[in-house]
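Following: one structure in structure tokens, then a few remarks.
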Amino acid sequence: MPAVERGRAMAFTFKFSTLLKVRKIQEDLARQQLAEAARQLTSILALRSQVEARKALLSAELLAAMSDGMKAHEVKAVSDYLYHLEERLVRLQDAVEKATMRVEEEREKVVKARKAHKAIERLREIHLERYKAEQDRLEMNFIDEIAVMGAGGRV
């Protein structure tokens, strides 16, 4: 039987429902930013792996070609390119470190946003429990009033 006060049912309304929605949106946005940061880190790591593989392959080819008798200008060109790849790896390592730091920052933001959202969710649960208890009390009072009116007519 629904809770009744003065003959009508009362619906639960959480006065901070807008704040609850805002906190949920903030949490979702933080999760999206974390996912984007993780994608960027993964992309940089994949690029670094490609450059490392290219450098290793070129180094091996250079050693093989030098033992077979490679021209000096070709050795210089390959050596310059290997130097370029090494510089690129240094820059990529810096990018990896920055991207890793960003992922950690975004992860902390997600944790913070999740805690804020959970706090408001818990407040809603508390308010709902209090509302249900109050509605149960009102319902019992209403039933008691009906019982008293019914008993009063028989006396």
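Remark: Arg39 engages Ala35, Glu36 in a side chain to side chain contact (heavy atoms under 4.5 Å, CB included) (not counting sequence neighbours). With sequence neighbours excluded, no residue forms a side-chain hydrogen bond (donor to acceptor under 3.5 Å, both in side chains) with Arg124.
Taking all atoms of both residues into account, the shortest heavy-atom contact from Leu41 to Ala99 is CD1-CB, 3.7 Å. Nearest heavy atom pair, residue Arg23 against residue Ala116, reads NH1-O, 3.3 Å. When every heavy atom of Glu106 is checked against every heavy atom of Ala37, the shortest pair comes out as CG-CB, 4.0 Å. Residues Arg107 and Leu34 share a closest heavy-atom pair of N-CD1, 3.7 Å. The shortest non-hydrogen separation linking Gln33 to Arg102 is O-NH2, 4.1 Å.
Ion pairing between a basic and an acidic side chain is recognised when a charged N comes within 4.0 Å of a carboxylate O; Glu121 and Lys118 show no such pairing. Ion pairing of Lys98 with Asp94 is absent here, as no side-chain N (NZ or NE/NH1/NH2) approaches a carboxylate O to less than 4.0 Å. Under the 4.0 Å criterion applied to side-chain N and carboxylate O atoms, Glu52 and Lys55 are not assigned as salt-bridge partners. In summary, Glu129 and Lys132 do not engage in a salt bridge, as defined by a charged side-chain N under 4.0 Å from a carboxylate O.
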Identify all side-chain donor-acceptor contacts of residues 71-80 below 3.5 Å with residues at least two apart in sequence or on another chain.
residue: Lys76; atom: NZ; partner: Asp80; partner atom: OD1; Å: 3.1
residue: Lys76; atom: NZ; partner: Asp80; partner atom: OD2; Å: 3.0
residue: Ser79; atom: OG; partner: Val75; partner atom: O; Å: 2.8

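Both Leu128 and Leu19 are members of a single hydrophobic cluster when ILVMFWY side chains are connected at heavy-atom separations under 4.5 Å. Ile25 and Leu20 fall into different hydrophobic clusters, where Ile, Leu, Val, Met, Phe, Trp and Tyr are joined by side-chain heavy atoms under 4.5 Å apart, directly or via other members. Hydrophobic clustering (ILVMFWY, side-chain heavy atoms < 4.5 Å, transitive): Leu63 and Leu82 are in distinct clusters. Hydrophobic clustering (ILVMFWY, side-chain heavy atoms < 4.5 Å, transitive): Phe16 and Phe12 are in one cluster.
Note that the CD1 atom of Ile120 and the NZ atom of Lys21 stand 14.0 Å from one another [nearest 0.5 Å]. Distance check, rounded to the nearest 0.5 Å: CG of Leu138 to CE of Met140 gives 11.5 Å. We find the CD1-CG distance between Ile44 and Leu47 to be 8.0 Å, quoted to the nearest 0.5 Å. A distance of 10.0 Å separates NZ in Lys112 from CD in Glu108, rounded to the nearest 0.5 Å.
In this structure, Phe14 and His127 have perpendicular ring planes: the angle between them is above 60°, well past the 30° mark.
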- Query: Passes side-chain contact (heavy atoms from CB on, under 4.5 Å), Leu92 versus Gln50? Steps please.
  - Reply: CA-CA 11 Å; Leu92 284 171; Gln50 289 174 351; over 6 Å; no
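No more than 12 heavy atoms of other residues, nucleotides or ligands sit less than 6.0 Å from atom CZ of Arg130.
No side-chain heavy atom of Leu89 sits less than 4.5 Å from a side-chain heavy atom of Gln93.
Judged purely by distance below 3.5 Å, without hydrogens or angles, the side chains of His117 and Arg114 pair a donor atom with an acceptor atom.
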